[in-house]
Amino acid sequence: MKASAPGKVLLLGEHAVVYGYSALAAALGRRVTVEVEEDSKGPAIELLAPATSPTPTSSADLSPIPVPPELLDAASEMAATVGATPLFRARVRSELPLGGGLGSSAALGVALARGFAQLAGRDCPPERAEHLALQLERAFHGAPSGVDPAICARGGVILFRRGEPAQVDRISPRRPLHLVVALTGVARGTRSTVLPLSARRAERPDLYDPMLAFLGELARGGARALERGDFQDLGVRFDAAHGVLAALGVSCPELEQAVAALRSAGALGAKLTGAGGGGAAIGLARDGMHAEGLVRAAEREGLRAFAEEISP
Ligand code: MEV
């Protein structure tokens, strides 16, 4: 059984979304693919992911990654919930670098949910895949907001607000959005920035809450800017969000270098994306050619980068 799910970028609203404010997320073209089969020697997971290149051109660019025991446990629990055999072998191939802030773990969760459902002969609509992937994420990230599995299960662009149930509005960009993703090469688990920020906020809510609320407002306005096709507006929001995220303490020198490189090459705006502390930065380009120029500028700074078109 073969199934897959896309990675994601947080365009705006990361961290704020953990506290109930809005986030704007977009699915990427790069995916995680899973092949699952019954195997009497299981359960087992084999994981292949890009070690050095974010744009693998052949399977030779992918390296075997050791599978943490928590992942095997969480996957076995998922198989049991779905009604699939506990004796499975899953071969996972990720086009996304792991720990790069691009939703590899949520995409893996969604793809596994779809693969196990096929093995059990069941349907797996997006809401179900999202729910199962969120349970898997909890094994890794402590208290995830749910935005990553929501976008990886649904694709497209969404404005997300956590809750029971979460509020998910599909956003249709008026014209294609050209982004550049620049990888710092620093892999950090989401936990490593989310939990310390939560501790800082618990001590000084008066200082942190207005900043988190502002990030949520930037995301809501960003959704409207996308619908109008107003990328100048969106670029200003990227820059403003990055400033606030840095003030919240979730940037790092490598991300500052990536954001500066994208801005000095003419990006309409640039920011860290996802949990921060490493991972990736995104820059907004005017069009496809400009995006290629931004990729080359990031590469001249020693960063690995790729262009992504997010189509209406
Ligand atoms: C990670 O992609 C986004 C964060 O807001 C964490 C979460 O929402 O679970 C940093």
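What you see below is based on every heavy atom in this structure, not just the backbone, and it leaves out hydrogens, waters and symmetry mates. Both ligands and their constituent atoms are indexed starting at 1 by order of listing.
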Run the numbers for me: atoms of ligand 1, each under 4.0 Å from some heavy atom of Val17, listed by number. 5 (O), 8 (O)

Would a single hydrophobic cluster contain both Leu284 and Leu159, if residues Ile, Leu, Val, Met, Phe, Trp and Tyr are joined by side-chain heavy-atom contacts under 4.5 Å? yes

Counting from 1 in the order shown, the ligand 1 atoms closer than 4.0 Å to a non-hydrogen atom of Lys8 are 2 (O)

Those atoms of ligand 1 less than 4.0 Å from some heavy atom in Val147: 8 (O)

Among all the protein's non-hydrogen atoms, which is closest to atom 9 (O) of ligand 1, and how far away is it? Ser145 N, 2.8 Å

Could you pull out all residues at least two apart from Cys252 that satisfy side-chain contact (heavy atoms from CB on, under 4.5 Å)? Glu254, Leu255

Find the distance between CD1 (Ile45) and CD1 (Ile65) and round it off to the nearest 0.5 Å. 13.5 Å

Taking the six-membered ring of Phe160, is NZ or CZ of Arg154 closer than 6.0 Å to its centre and within 45° of its axis? no

Which residue and heavy atom of the protein sit nearest atom 5 (O) of ligand 1, plus the separation: His15 N, 2.9 Å

For Asp239, what residues pass the side-chain contact (heavy atoms from CB on, under 4.5 Å) criterion, not counting sequence neighbours? Arg263

Out of all atoms in ligand 1, which are within 4.0 Å of some heavy atom of Pro144? Include the element for each. 9 (O)

Check ligand 1 against Val18 and write out every atom of the ligand that is under 4.0 Å from a heavy-atom position of the residue. 5 (O), 6 (C), 7 (C), 8 (O)

For ligand 1, note which part of Leu10 has a heavy atom under 4.0 Å away: side chain, backbone, both or neither. side chain

Is the number of heavy atoms from other residues, nucleotides or ligands within 6.0 Å of CZ (Arg220) greater than 12? no

Any heavy-atom pair between the side chains of Leu12 and Lys271 that's under 4.5 Å? yes

Ligand 1 atoms in contact with Asp148 (distance to a heavy atom under 4.0 Å): 1 (C), 2 (O)

Do NZ/NE/NH1/NH2 and the carboxylate oxygens of Glu299 and Arg296 come within less than 4.0 Å? no

Just distances here: any N/O of Glu14 and N/O of ligand 1 closer than 3.5 Å? no

Determine, using heavy atoms of Arg162 and all atoms of ligand 1, whether some pair is separated by less than 4.0 Å. no

